[in-house]
> 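Just dropping this structure here.
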Number of protein chains: 2
Amino acid sequence: MAVTMNDVARAAGVSLKTVSNVLNDYEFIRPATKQKVLDAIAELGYEANLTARSLRSGKTRMLGLVLSDLAAPYYAELASKLMKAASARGYRVLVEQSAARKDNELSALKGTFRQLTDGLLFTPLALNADDIAANSGRKPVVMLGEHIDDPRFDLVTMKNTEAASAVTAHLLSSGRRRVVILGAAHGDVGGSNGLRLTGYRGALAAAEADYDPALVVPCEWRRDAGAAAVGNLLDSDVKFDAIFGLNDAVALGALHELIIRGVKVPQDVALAGFDDIEEARFASPSLTTVAPGMDEIAERSVGLLIDRIEGAETSESAIHIEAGFELKVRESAPGKS
Amino acid sequence: MAVTMNDVARAAGVSLKTVSNVLNDYEFIRPATKQKVLDAIAELGYEANLTARSLRSGKTRMLGLVLSDLAAPYYAELASKLMKAASARGYRVLVEQSAARKDNELSALKGTFRQLTDGLLFTPLALNADDIAANSGRKPVVMLGEHIDDPRFDLVTMKNTEAASAVTAHLLSSGRRRVVILGAAHGDVGGSNGLRLTGYRGALAAAEADYDPALVVPCEWRRDAGAAAVGNLLDSDVKFDAIFGLNDAVALGALHELIIRGVKVPQDVALAGFDDIEEARFASPSLTTVAPGMDEIAERSVGLLIDRIEGAETSESAIHIEAGFELKVRESAPGKS
DNA sequence: CCTAACATCTACAACGTTATAGAATCATCC
DNA sequence: GGATGATTCTATAACGTTGTAGATGTTAGG
């Protein structure tokens with residue numbers, strides 16, 4: 001049905017392998033021969049069969065992207081950028097949603113999903129480092145985000161602690177003293193929540209403000225969870241004059257609940273988020289947050305993974321990349337006026 | 001390296017083809033034989049090589065999804081649901097971003113992307129019906145969204161005209177008379193903008209309100225474009241007391257600009273959107289909008305496409321499915337009080 | 001001119017699966 | 001008990017590409 005290499009070879013009067021050689025830029029081909037083949041390809045409208053190529057070569061030129069939920073704004077924006085970065089290097093991205101469930105993450109790591117891809121961009125939420133080490137096979141895996149910080153794995157992340165510290169310091173600098181941190185639990189150590197909590201505590205200490213565990217409010221990183229958590233907080237007798245949401249979704253959920261309850265932002269409570277999703281810029285009031293250098297993260301994680309796949313990156317030990325960040329001061333938590 | 005069918009066959013003491021038959025649920029296999037094979041598979045940890053299977057069978061069990069930008073909230077939510085629906089039927093989804101560019105849409109339609117997928121869920125923005133008909137090949141394509149409404153293609157969409165009419169009627173019913181429609185151009189006919197414009201005009205007529213072309217404001221369906229368009233409108237001498245954004249992003253961009261300019265929503269200007277993305281529920285004020293039955297769209301488009309792929313749907317003529325909708329009345333345009 | 005070295009091309013096998021066609025086994029019927 | 005047909009299994013080819021190894025042509029050096 002479709003035109004194959006064989007058809008091209010016949011049309012060009014050369015062998016099958018010569019066509020293959022032309023397509024793979026083999027060095028020793030006479031210009032005249034090459035032209036004959038290219039002409040035949042153009043004339044017949046030949047396109048290489050990627051499946052056959054994959055079977056023979058063992059490469060799919062696809063990257064796997066495992067994340068919890070593509071509908072979460074941060075992941076949607078990240079996925080879009082990753083796809084563009086991959087596309088620029090001749091790769092596609094196949095996305096798998098894990099719903100942050102251990103079984104799904106495990107099957108993405110070792111199941112048939114793996115076959116379809118040459119390497120993985122992995123955002124583990126349920127698996128721990130040992131699980132991953134035991135199940136990640138021989139193809140390269142680059143960790144994305146911050147939940148796993150282990151010397152065994154390549155990792156592309158951002159300066160979580162420093163950024164969280166900067167946000168907290170910003171809130172404190174405007175005179176706030178009781179800053180709720182929304183989305184972490186007291187005692188968190190690893191993962192982005194732990195790192196960000198550390199940054200928060202560091203900034204408190206630097207400003208000689210007390211750390212009050214009652215202000216550490218755990219919740220899932222979603223709008224609805226943020227709203228519910230703030231609702232509970234308002235119903236309690238905990239006093240606070242600022243909220244630091246550990247991502248923008250949680251902060252925007254909090255914002256919604258504050259406004260519904262008649263709490264003025266930023267007058268009564270200042271609010272900051274984390275991620276700088278586009279929505280943050282258009283919220284009312286617009287959301288003070290941290291831009292995590294998503295372009296850099298996308299660019300470098302794809303670059304590192306492809307280098308590993310193609311053997312360009314031969315460093316034996318894992319590579320850890322930390323993208324820069326930028327504090328975006330907006331209406332929800334302005335600087336001191 | 002990896003375990004192959006041959007290894008399984010040897011271990012089970014049967015032929016290669018018998019293993020294949022077991023895996024493909026071939027009817028005539030003795031239970032004892034089947035068990036031997038299954039045992040061998042379990043023991044060796046065999047997993048079928050999907051690439052080889054694809055090459056031989058010509059099926060990839062992947063659906064292609066072509067949309068302009070995965071970072072757009074509506075598409076992100078839709079993609080997430082489509083992936084879940086496909087997964088439930090044993091398919092994966094491979095996403096391609098077109099940036100609404102003709103060349104990208106064309107290459108998604110006829111290029112190598114097509115090889116990797118058994119069928120396409122296609123949201124054409126730049127191509128017209130004839131382009132698509134001429135380039136869509138033999139594998140099934142289901143149109144998604146509303147930009148192409150042509151009897152040649154399968155289509156899953158929603159009741160654009162009726163929904164737009166309902167939104168407009170709702171705005172009018174609260175006493176508004178000068179309703180800006182944001183995101184369509186005067187004279188649009190086809191596509192979702194044209195259909196929604198028709199609904200808008202129908203509702204105006206039903207309420208005996210005048211149609212004023214000055215209130216038809218074209219803009220791209222993005223937050224920033226919506227904000228800019230409303231900014232221009234406020235700077236002009238056009239008077240209005242309501243805005244109907246043709247999608248939520250545009251409406252939320254408009255909302256941001258209105259608030260910045262000190263225009264009270266809904267007191268001065270009522271505002272409604274279209275799509276009911278999650279962000280709409282958490283905006284301040286929360287956004288009145290139309291929920292397009294996204295679950296139904298996802299479910300039915302994937303269902304239809306897979307039925308076409310597997311030959312279950314043999315209808316010669318194209319199938320058009322219209323999902324229902326629901327008006328979500330929220331703070332930005334409450335009912336009459 | 002012969003030979004070595006290099007450039008250019010080709011035949012054939014291989015990747016791991018499914019499809020085809022037919023062989024072997026078993027039950028059923030008269 | 002032999003024929004018939006149904007069931008169960010297998011050998012072999014095929015999908016379209018790349019890898020291996022070697023064949024053929026061409027140039028340069030002596």
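In the text below, chain A, chain B and the rest are named by the order of the sequence lines, each starting its count at 1. The shown structure was predicted, so the numbers you read here are calculated from the model rather than taken from an experiment.
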> Can you identify which nucleotide, out of dT8(C), dT17(D), dT8(D), has its nearest atom closest to the Thr4(A) side chain?
dT17(D)
> Just how far, in rounded Å, is P of dC15(C) from NZ of Lys59(A)?
17 Å
> Taking only the side-chain heavy atoms of Ala48(A) (C-beta and beyond), determine which of dT18(C), dT10(C), dT17(D) contains the nearest atom.
dT17(D)
> Whole angstrom is fine here: how far is it from CZ in Phe28(B) over to C1' in dG22(C)?
16 Å
> Are Tyr91(A) and Val302(A) packed together at the side-chain level, in the sense that at least one heavy-atom pair is separated by less than 4.5 angstrom?
no
> For Arg30(A) and dT24(D), give me the distance from atom CZ to atom C1', rounded to whole Å.
11 Å
> The side chain of Lys17(A) lies closest to which of these nucleotides: dC9(D), dT10(C), dT17(C)?
dT10(C)
> Counting only side-chain N and O atoms of Ser57(A), is one of them less than 4.0 Å from OP1 or OP2 of dT18(D)?
no
> When you measure from the side chain of Tyr46(A), which nucleotide among dT17(D), dT18(D), dT8(D) comes out closest?
dT17(D)
> Nearest of dT8(D), dT17(D), dT17(C) to any side-chain atom of Leu16(B)?
dT17(C)
> Starting at CE of Met5(B) and ending at C1' of dA19(C), how long is that distance when rounded to a whole Å?
12 Å
> Just checking, any donor-acceptor pair under 3.5 angstrom between side chains of Gln97(A) and Ser80(B)?
yes
> Salt-bridged, Asp131(A) to Lys102(A), with N to O below 4.0 Å?
yes
> Rounded to the nearest angstrom, tell me the gap between atom CG in Leu55(B) and atom P in dA14(C).
17 Å
> May I have the distance from Asn21(A) (atom CG) to dA11(C) (atom P), rounded to whole angstrom?
13 Å
> From dA7(C), dC9(D), dA11(C), pick the nucleotide closest to the side chain of Ser15(A)?
dA11(C)
> In whole Å, what is the span from the CG atom of Asn24(B) to the P atom of dC9(D)?
15 Å
> Rounded to the nearest angstrom, tell me the gap between atom CZ in Arg53(A) and atom P in dG16(D).
14 Å
> Closest nucleotide of DNA chain D for Pro31(B) versus for Ala52(B): which of these residues is on the 5' side?
Pro31(B)
> By nearest atom, which of the nucleotides dC9(D), dT17(C), dG16(D) is closest to the Arg56(B) side chain?
dT17(C)
> For a 4.5 angstrom cut-off between non-hydrogen side-chain atoms, does Ser68(B) reach Tyr75(B)?
yes
> So if I take every side-chain heavy atom of Thr18(A) and compare against dT10(C), dT17(D), dC15(D), which nucleotide ends up nearest?
dT10(C)
> Can Thr51(A) and Ser54(A) be counted as having a side-chain donor-acceptor contact under 3.5 angstrom?
no
> Tyr26(A) has a side chain; which of dC9(C), dC15(D), dA11(D) sits nearest to it?
dC9(C)
> Mind checking Thr33(B) for me? I need base, sugar-phosphate or nothing, with any heavy atom below 4.0 Å counting as a touch.
sugar-phosphate
